[in-house]
Amino acid sequence: MKEIAKAYDPKATEDRIYKLWEESGFFNPDKLPFQPAHGKLVKKFVTCIAPPNITGELHMGHALELTLQDIIVRLKRMQGYKTLWLPGTDHAGIAAQNVVEKQLAKEGLTRHDLGREKFLERMWQWKEKYGGIILEQLKKLGLSVDWTRLKFTMDLDYQQAVKAAFRHYWDKGWIYQGERVINWCPRCASSISDLEVNYVPEKGKLYFIKYGPFTLATARPETKLGDTALAVHPDDKRYHAYIGKELEIESVDNTLPADQPPQKKPIRILVVADEAVNPEFGTGIIKVTPAHDLTDFEISERHHLSLLKVIGEDGRMNENAGRRYQGLKTSQAREKIVTDLESLGLLEKTEEYEHNVGRCERCNSVIEPLPSKQWFLKMKELARLARQALDNGQVRINPARWEGPYREWLSKVRDWNVSRQLWWGHKIPIEGEEDVLDTWFSSALWPFAILGWPDQAELDYQDYYPTDFITSDRGILFLWQVRMIFSGLELTGQVPFKNIYIHATVLTKAGKRMSKSLGTGVDPIKLIEKYGTDALRFGLASQAAGLQDLRFGEDLMVMGKKFANKLWNISRYVLTKLGPDYDWRLENPNSEIVEKINQLAKQTAIKIEEYEFASAANAVYHFIWHEVADQYLEESKNKDDQGTKNTLAYLLLTSLKLLHPFMPFVTEEIYTNFLPDWSGKKLLIVENWPG
RNA sequence: GCGCGUUUAGCUCAGUGGCAGAGCAACCGCCCUACACGCGGUGGGUCGUAGGUUCGAAUCCUACAGCGCGCACCA
């Protein structure tokens with residue numbers, strides 16, 4: 001028997017043990033010592049690594065998510081399931097491109113200076129470097145993923161999947177090109193998704209402008225130049241007489257040069273009735289600027305109004321704004337037109353006002369809604385499929401409270417703008433088309449694209465699709481999970497996974513969001529260096545209770561570290577007590593505490609499967625520490641009979657198994673390196689789950 | 001505006017109808033040959049507020065408040 005150190009040392013252990021697992025091949029389900037002949041279901045797990053962030057480092061949210069997933073994966077493997085967890089990275093279109101563009105900016109360059117080809121080379125270099133760092137960090141977390149199947153969303157075979165999916169939608173007639181109002185980021189020079197716009201409250205002004213007989217309130221007077229109608233609520237009696245009429249009103253003459261004094265100009269404008277107008281707000285009448293407001297655009301579609309684009313994709317007023325305003329930034333144009341209206345007596349008053357301004361999630365620029373020629377995917381049928389999957393129980397969301405938002409999102413979803421004016425991504429597979437697809441279009445194919453789809457004869461696809469489970473942060477339920485569900489249903493005829501677990505959000509001790517830019521981020525790798533991976537994993541799991549967000553403090557790490565050490569010393573004691581000649585080939589001994597730990601094993605498995613991680617972790621902690629160590633071990637000190645020895649051996653072995661999903665390193669280290677060899681001993685990672 | 005979550009010991013949180021719990025922190029005593037990353041012990045809570053249901057409420061219902069979040073609006 002080897003000499004066992006007095007304290008557990010994660011640093012001397014973790015990398016060595018991880019290598020042992022990798023060399024064993026057991027992360028690969030096809031190489032497991034058991035194959036599914038023994039009648040159990042083939043069980044699969046598939047996940048994607050969330051897109052790398054700016055620095056390419058994992059954050060605490062990843063650490064929690066991946067730990068919980070690995071707990072389930074390891075449990076399932078020990079239960080004898082053929083278990084696959086396939087690692088990979090996402091090319092993260094706009095986010096990744098922005099990072100590299102920022103790098104370039106430091107060198108005084110833009111992507112246009114490099115040209116498309118050179119720029120993409122830079123992107124690939126960046127991907128190799130930071131994608132690689134992320135993958136190393138996954139190993140540090142101890143994740144039991146199958147590295148032989150590593151995927152990237154721009155691998156060649158993945159590109160084939162993207163093309164096949166696009167082709168499928170195209171053949172169905174669901175892809176169309178349209179000049180529609182979308183969220184435009186002038187800095188990224190691309191359309192962005194509704195979900196990537198952050199609305200932040202900002203102080204602004206509300207301008208009350210005279211429109212003939214009415215006074216209208218607007219926060220964006222410069223869009224007045226793009227007005228094509230006025231709108232009131234159909235039930236608003238105040239304005240019944242005007243509905244359907246075309247009014248002649250005074251406006252500002254935008255054809256004059258900027259340096260001349262402003263003059264009035266008569267314009268004609270139609271009044272329409274539309275439900276979208278809130279009669280309570282302001283004067284109950286709105287100006288309709290279809291080109292630069294999403295709501296207005298929808299009103300214009302209902303009433304077949306024309307669309308006048310006055311703001312260009314560079315965020316400046318264009319030729320339609322008239323030569324008086326052309327070329328000005330929207331903020332400058334706003335000042336100018338307010339001054340003009342004021343001197344013409346068309347501005348009634350100005351009020352201070354707090355409203356929400358849409359900003360680009362990636363670069364914080366103010367979003368300009370504007371009409372743009374983009375590719376769209378019709379969502380009606382896809383949304384129906386996704387809703388149906390939840391209704392008929394094909395897919396379950398846990399905690400169930402997320403079902404409401406899921407349904408709500410689907411009921412309101414607009415057609416999906418799938419084109420992006422970026423360089424980094426999947427090119428839209430249409431002749432002569434320069435744009436790329438929204439990152440989420442390819443991410444939506446992940447569970448089946450990684451298994452060989454569209455080639456349905458592919459063995460992995462046949463063996464491992466559909467998958468069973470995915471876990472995720474709440475933030476990407478709509479961006480990702482919903483889209484995987486409808487893509488899976490439409491393209492493969494099956495839900496891509498049966499269960500979604502939405503885990504808690506990791507907050508700072510003060511209850512704030514963890515964010516690198518706010519300086520409230522915590523680096524899990526640093527915690528691992530300080531406390532060990534097992535401590536981090538156990539600390540997180542012991543607080544992962546589902547509904548409640550997790551306020552993170554290092555005391556959790558302390559608890560985990562102490563517990564790993566406690567287990568280590570329980571092992572030292574038991575091994576010393578049993579001595580080198582003890583015969584480990586034994587059946588379950590009969591005793592009360594053996595009954596109890598077997599029960600605990602059953603309960604623990606059930607709790608993990610029901611995502612009761614904290615409850616599972618704490619029950620195991622309490623039992624091992626207080627019942628096994630404080631009571632049984634203490635009592636055993638005065639005993640020397642065979643029954644006690646057998647019980648001690650069984651308790652140790654079972655404790656290692658129970659804790660292995662939570663604390664894989666210390667348990668495997670004790671099992672493989674300190675337990676004597678006996679027939680039937682293998683790696684703990686593929687030991688059978690007790691009970 | 002609509003909705004969701006949350007409020008329990010100094011801190012972070014379990015506990016979902018039957019005597020208030022854990023970890024950390026605090027205090028007292030212990031290096032007892034597995035572990036001082038430990039052992040034994042102590043103190044500490046009107047379970048957010050008000051009402052209701054019940055033999056019995058931290059737990060179920062209603063209202064209110066604080067904190068957090070989602071969706072919508074954002075003219």
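Below, chains carry the letters A, B, ... as their sequence lines are ordered, and counting in each starts from 1. For clarity, every value in this text was computed on a predicted model and none was experimentally measured.
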Taking any heavy-atom pair under 4.0 Å as a contact, classify A/Ala614: base, sugar-phosphate, or nothing. nothing

Suppose we call a contact any N or O donor and acceptor under 3.5 Å apart; does that hold for the side chain of A/Glu612 and the base of B/A14? no

Sugar-phosphate only, base, or nothing, as touched by A/Thr289 at under 4.0 Å among non-hydrogen atoms: nothing

Applying side-chain hydrogen bond (donor to acceptor under 3.5 Å, both in side chains) to A/Gln481 and A/Tyr406, what does each step give before you reach the verdict? CA-CA 10 Å; A/Gln481 273 79 22; A/Tyr406 175 101; over 6 Å; no

Stacked cation flag A/Lys287 on A/Phe214, 6.0 angstrom / 45 deg: no

Distance flag, aromatic centroids of A/Phe613 and A/Tyr501, threshold under 6.0 Å: yes

Pairwise N/O distances under 3.5 Å, protein to nucleotides 5-9 of chain B:
{"from": "B/U6", "atom 1": "O3'", "to": "A/Gln548", "atom 2": "OE1", "distance (Å)": "3.2"}

Partner set under side chain to side chain contact (heavy atoms under 4.5 Å, CB included) for A/Pro186, not counting sequence neighbours: A/Trp184, A/Glu368

Mind checking who B/G17 pairs with, Watson-Crick or G-U wobble, both distances under 3.5 Å? none

OP1 or OP2 of B/G38 under 4.0 Å from side-chain N/O of A/Trp568: no

Taking for A/Glu634 and for A/Phe478 the nucleotide of RNA chain B with the nearest heavy atom, the one nearer the 5' end belongs to A/Glu634

Please find out if less than 6.0 Å separates the ring center of A/Trp440 from that of A/Phe478. no

Residue matched to B/C69 through Watson-Crick or wobble contacts both under 3.5 angstrom: B/G3

Polar side-chain contact A/Lys566-B/C35 base: donor and acceptor under 3.5 Å: yes

Which part of the nucleic acid does A/Lys224 contact within heavy-atom distance under 4.0 Å: base, sugar-phosphate only, or nothing? nothing

Have a look at A/Val574 and say if it touches a base, only the backbone sugar-phosphate, or nothing, with a 4.0 Å heavy-atom cut-off. nothing

Under the 6.0 Å and 45° cation-pi test, does A/Lys349 pair with A/Phe208? yes

Listed by chain and number, what are the side chain to side chain contact (heavy atoms under 4.5 Å, CB included) partners of A/Lys637, not counting sequence neighbours? A/Tyr573, A/Glu634

Checking base pairs now: Watson-Crick or wobble, both atom distances under 3.5 Å. What partners B/C30? B/G38

Just checking A/Asp630: base, sugar-phosphate only, or nothing, at a heavy-atom cut-off of under 4.0 Å? sugar-phosphate

Just to be sure I understand the rule, does A/Ala564 reach a base, reach only the sugar-phosphate, or reach nothing, if contact means heavy atoms closer than 4.0 Å? nothing

